[in-house]
Amino acid sequence: MHLTPGDIPELLRTAKTVAIVGISDKADRASYGVAKYLIENSHFELFFVNPLLENVLGQKVYKSLKEIDVHIDIVDVFRKPADCLAVLDESIEIDADAIWLQLGISVPEVATQGSEAGLSVVMDRCIKIDYAAL
């Protein structure tokens, strides 16, 4: 279901695992900053996904969500809108609980198809900002 802003704190409180898809190893990129903040300030176990990288912030980077061998509660997506449906398909395949499109990313088909598949859907919001507000 498409979450309202009022539903987001509960999602963040109950989630234990977050996969950041599109993680960058460049410190000036939003995905890097969000990952660094969550490592230092959140209760989440983080998993990074980028087929082009091996390690970021001292952690292994997976080639795809399917390589991660634990249940993922939130798939946090740092990819251009055109790539988000493929990430949604993989999120459904691994039975993730939620897909979160970062600030500036909104894809109506992700909302529709994600909700139909039973995922909680958050779009155009920053998980770091929402977590810091808890």
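Everything numeric here is computed off the predicted structure, so don't read it as measured data. Index from 1, following the sequence. Only heavy atoms go into these numbers, but all of them, side chains included; no hydrogens, no water, no symmetry mates.
- Once rounded to the nearest 0.5 Å, the distance linking CD of Gln59 with CG of Leu53 reads 13.0 Å.
- For the pair Ile39/Leu46, a side-chain contact is recorded, criterion being any heavy-atom separation below 4.5 Å from C-beta on.
- The main-chain N or O of Ile99 is never found under 3.5 Å from a side-chain atom of Ser91 such that the two would form a donor-acceptor pair.
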CA sep, side-chain torsions, deciding dist, call: Ile72, Val18, side-chain contact (heavy atoms from CB on, under 4.5 Å):
CA-CA 6 Å; Ile72 297 298; Val18 175; over 6 Å; no
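- Counting heavy atoms from C-beta on, the side chains of Thr17 and Ile74 never come closer than 4.5 Å.
- With hydrogens and angles ignored, the 3.5 Å screen pairs no side-chain donor or acceptor of Gln102 with any backbone N or O of Val77.
- Ile92 and Val49 fall within the same hydrophobic cluster, defined by Ile, Leu, Val, Met, Phe, Trp and Tyr side-chain heavy atoms under 4.5 Å apart, directly or through other members.
- Shown here are the salt bridge (charged side-chain N to carboxylate O under 4.0 Å, His left out) partners of Lys60, two or more places apart in sequence or in another chain: there are none.
- Between Ile105 and Phe78, the closest side-chain pair of non-hydrogen atoms is not below 4.5 Å.
- Using a 4.5 Å heavy-atom cutoff, the side chains of Glu109 and Val107 are in contact.
- Evaluated for a side chain to side chain contact (heavy atoms under 4.5 Å, CB included) with Phe47, the options Val61, Asp76, Val70, Val75 yield exactly one hit, Val70.
- At a threshold of 4.5 Å between non-hydrogen side-chain atoms, the residues Ile68 and Ile94 do not count as touching.
- Taken from CG in Leu52 to OG in Ser24, the straight-line distance is 10.0 Å, to the nearest 0.5 Å.
- Taking hydrophobic clusters as Ile, Leu, Val, Met, Phe, Trp and Tyr residues chained together by side-chain heavy-atom distances below 4.5 Å, Ile127 shares a cluster with Ile23.
- Separating the OH atom in Tyr62 from the CD atom in Glu54 is a distance of 12.5 Å, to the nearest 0.5 Å.
- Checking side-chain atoms of Asn41 against main-chain N and O of Leu38 turns up no donor-acceptor pair under 3.5 Å.
- For Lys80, the salt bridge (charged side-chain N to carboxylate O under 4.0 Å, His left out) test picks out Asp83, with sequence neighbours left out.
- Atom CZ of residue Arg125 and atom OG of residue Ser106 lie 12.0 Å apart, to the nearest 0.5 angstrom.
- Leu11 and Ile129 are not part of a single hydrophobic cluster, where members link through side-chain heavy atoms under 4.5 Å apart.
- Rounding to the nearest 0.5 Å gives a distance of 9.5 Å between CD of Glu10 and CG of Leu12.
- The closest side-chain heavy-atom distance from Val56 to Tyr32 is below 4.5 Å.
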For Cys126 and Val34, run side-chain contact (heavy atoms from CB on, under 4.5 Å): C-alpha distance rounded to whole Å, both residues' side-chain angles, the deciding distance at 0.1 Å, then the answer.
CA-CA 8 Å; Cys126 177; Val34 167; 4.1 Å; yes
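- Taking 4.5 Å as the limit, every side-chain heavy atom of Ser42 sits out of range of all side-chain heavy atoms of Lys128.
- Counting only residues at least two apart or in different chains, salt bridge (charged side-chain N to carboxylate O under 4.0 Å, His left out) contacts with residues 15-37 comprise Lys36-Glu40.
- Closest non-hydrogen pair, His43 versus Arg13, comes out as NE2-O, 3.7 Å.
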Could you go through Ser120 and Asp97, starting from their C-alpha distance and side-chain angles, then the distance that decides it, and tell me whether this counts as side-chain contact (heavy atoms from CB on, under 4.5 Å)?
CA-CA 6 Å; Ser120 297; Asp97 296 329; over 6 Å; no
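- With a 4.5 Å cut-off on side-chain heavy atoms, Asp124 and Leu103 count as touching.
- No side-chain donor-acceptor contact under 3.5 Å links Glu90 to the backbone of Ser64.
- In this structure, Trp100 contributes its side chain and Met123 its backbone to no donor-acceptor pair below 3.5 Å.
- The NZ atom of Lys63 sits 8.0 Å away from atom CG of Asn50, with the distance rounded to the nearest 0.5 Å.
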Show the numbers, then the answer: is there a side-chain contact (heavy atoms from CB on, under 4.5 Å) between Val122 and Leu101?
CA-CA 6 Å; Val122 178; Leu101 305 187; over 6 Å; no
